[in-house]
Amino acid sequence: MSTVCVHGLGYIGLPTAAVLANHGHQVHGYDIDTEKVTRLAKGKVPFDELGLGILVEEGLESGNLTFEKEISEAEYHIICVPTPFNQERKKANLEAVRSAASALRSYLRPKDTVILESTVPPGTTENVLQPILEEEGLNAKDDFGLAYSPETVLPGNLIQELHENDRIVGGISEPSIKNTKRLYSTFTQGEIHEVNNPTMAEFIKLIQNTFRDTNIGLANEIAKIAHDYDVDSRDAIQLANEHPRVDILQPGPGVGGHCLPIDPWFLGQESNNLDLIEKARDVNNSMPNYIINVLEEYLGDLSKKKIAILGVAYKGNVDDIRESPGLTLARELQKRGKDHNETVSANGGGKMESPNVTLHDPNVTGKVLQLSDLDTAIYNANAIVIAADHNQFKSLSRQKLDHLMNEKLIIDSKGILNKEEWQEEGFQVHCI
Ligand code: SAJ
């Protein structure tokens, strides 16, 4: 068993630390957010993830898992810090990787191994991380190990996937790869694939998410085309996928989360050859406005209409709102009235009021968003848009909606309702 220091206790670092501790390693969790560290030391997990709370609790009880405000020496240092995206410059912000590297290098001893897991543009491990780690005089090739091994786990199913997914390990030397494999093989049943340089591993991670984003872009475009022919896109995709070599993903309100909408741009950081990939991004980003067009098809002018958005998490059964399509839709709806009024004040014409948008999400908490309970959100609504496929929305009560809504219109952008059953009760259901 080994000593491990995990740098960054977010969506990936915390579950990784807990799983490692659960497999007998002595794990030290470190984060620059000292309040978070204090809460974690008391067993308080800052986000919902199936099975995570219990693993943290067990780790703390066994003494295998500790959370500290200082970095500690360890045989392995795993870096799981955020790599935000700078929208304007279309570049990754690697500040957190840089400062994690500067902070840990004085704790680095010969024969230790540093593993980067954060999603980064190709070349980051060797060109950004390595030089910073070497500043204290140790040399990565001869003295310590350095590898990139991307996390590939799905939020909502993280713990299971940490145990089961294959892993890619790209190291700068044979010992770097060997030591990294040794650690991961203690908890993953998936295959560990070695590649002989970190850049290749970084690239593989990015094309996995880019594949998914581009495939969803195709599904979204198919949904728009299907509507023009009055064809149900989901039925069409389902049957098309019966072919052994066709595997189209599902359309929706847009692509959210911290990974899929961002990773394609990381891929393009040092390349001008993104074409189809950028187009797919545009298609996915167009979905909230497409939903507004659909709403207008049914309701006409949306001024003074009340639209309830159900689901502001970026996808079903998570509480994460990063890059949430539901929130983008809300913002775009509100913008409609504003944009219209700016045009009419310049050119003359009648003013338009923004629709009244209400938000409901049973999984998300927080005052900033002004979330309503379900009844308040849908009361007197002219339409509901389902923007996240939470389990709770699959069993919405027709009776309640019938009773509370002003007009019985549902835009089901995730295709979770049984359309026929709802239509039998007099609802208009439009699936994206
Ligand atoms: N979505 C669709 N249609 C689909 C599938 C998803 O519109 O058919 C939408 C979702 O609603 C959501 C977005 O795409 O808004 C992203 O959701 P997701 O479940 O596809 O992926 P993430 O972002 O939660 O996690 C992805 C995963 N990558 C792959 O499956 C290739 C996960 O395994 C990665 O670890 C994660 O990114 C990451 O951290 O990179």
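Whatever order the structure lists ligands and atoms in, that order sets their numbers, starting from 1. We count residues from 1, following the sequence as given.
Closest to atom 11 (O) of ligand 1, if we only count protein heavy atoms, is Lys414 NZ, 2.9 Å. What sits closest to atom 4 (C) of ligand 1 on the protein, heavy atoms only, is Gln250 O, 3.6 Å. Closest protein heavy atom to atom 12 (C) of ligand 1: Tyr314 O, 3.6 Å. The nearest protein atom to atom 26 (C) of ligand 1, hydrogens excluded, is given as Leu260 CD1, 3.6 Å; this is a heavy-atom distance. Atom 25 (O) of ligand 1 has its closest protein heavy atom at Leu154 CD1, 3.6 Å. Scanning the protein for heavy atoms near atom 6 (C) of ligand 1, the closest one is Ile216 CD1, 3.5 Å. Scanning the protein for heavy atoms near atom 19 (O) of ligand 1, the closest one is Lys315 NZ, 2.9 Å. Closest to atom 31 (C) of ligand 1 among all protein heavy atoms lies Asn209 OD1, 3.1 Å.
Ligand 1 has an N or O atom lying under 3.5 Å from an N or O atom of Glu151, backbone or side chain. Considering backbone and side-chain N/O atoms, Val153 comes within less than 3.5 Å of an N/O atom of ligand 1. In terms of polar-atom proximity, defined here as any N/O pair under 3.5 Å, Thr119 makes no such contact with ligand 1. Between Glu161 and ligand 1, no N or O atom pair is found at a separation short of 3.5 Å.
With respect to the salt-bridge test (charged N to carboxylate O, under 4.0 angstrom), the residues Arg167 and Glu117 qualify. Taking a cutoff of 4.0 Å between a charged side-chain nitrogen and a carboxylate oxygen, Lys205 and Glu151 qualify as a salt bridge. Between Lys178 and Glu174 no salt bridge is recorded (no basic side-chain N to carboxylate O distance below 4.0 Å). One finds a salt bridge joining Arg398 and Glu421 here, because a Lys/Arg side-chain nitrogen approaches an Asp/Glu carboxylate oxygen to under 4.0 Å. Between Arg98 and Glu95 there is a salt bridge, since a side-chain N of the basic residue sits under 4.0 Å from a carboxylate O of the acidic one. Taking 4.0 Å as the cut-off between side-chain N and carboxylate O, Asp232 and Lys419 count as a salt-bridged pair.
Residue Val255 approaches ligand 1 through these ligand atoms, each under 4.0 Å from one of its heavy atoms: 13 (C), 14 (O), 15 (O). The contact set between ligand 1 and Lys205, taken as ligand atoms under 4.0 Å from a residue heavy atom, comprises 34 (C), 35 (O), 38 (C), 39 (O), 40 (O). Those atoms of ligand 1 with a heavy atom of Arg212 less than 4.0 angstrom away are 5 (C), 18 (P), 19 (O), 20 (O), 29 (C), 30 (O), 31 (C). Of all the atoms in ligand 1, the ones that sit under 4.0 Å from a non-hydrogen atom of Pro155 are 24 (O), 25 (O). Atom numbering of ligand 1 starts at 1 in the shown order; those under 4.0 Å from a heavy atom of Cys259 are 23 (O), 36 (C), 37 (O), 38 (C), 39 (O), 40 (O).
No cation-pi contact links Lys90 to Phe85, judged by a cut-off of 6.0 Å to the six-membered ring centre and 45° from its axis.
The aromatic ring centres of His28 and His7 sit 6.0 Å or more apart.
Heavy-atom separations between Gly257 and ligand 1 are all 4.0 Å or longer. By the 4.0 Å heavy-atom criterion, Glu323 is excluded from the residues contacting ligand 1. The closest approach between His258 and ligand 1 stays at or above 4.0 Å for every heavy atom of the residue.
Put simply, the side chain of Lys306 gets close to the backbone of Tyr379: a donor and an acceptor are under 3.5 Å apart.
Each of Val364, Leu329, Ile307, Ile309 was scored for a side-chain contact (heavy atoms from CB on, under 4.5 Å) with Leu359, with one residue passing: Ile309.
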Kindly list each side-chain donor-acceptor pair under 3.5 angstrom involving residues 313-323, sequence neighbours excluded, with atom names and distances?
residue, atom, partner, partner atom, Å
Lys315, NZ, Pro155, O, 3.2
Asn317, OD1, Asn391, N, 2.9
Asn317, ND2, Asn391, OD1, 3.3
Asp319, OD2, Asp48, N, 3.3
Asp320, OD1, Arg322, N, 2.9
Asp320, OD1, Arg322, NE, 3.2
Asp320, OD2, Arg322, NE, 3.2
Asp320, OD2, Arg322, NH2, 3.0

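Sparse packing is recorded around NZ of Lys279, with 12 or fewer heavy atoms of other residues, nucleotides or ligands lying under 6.0 Å away.
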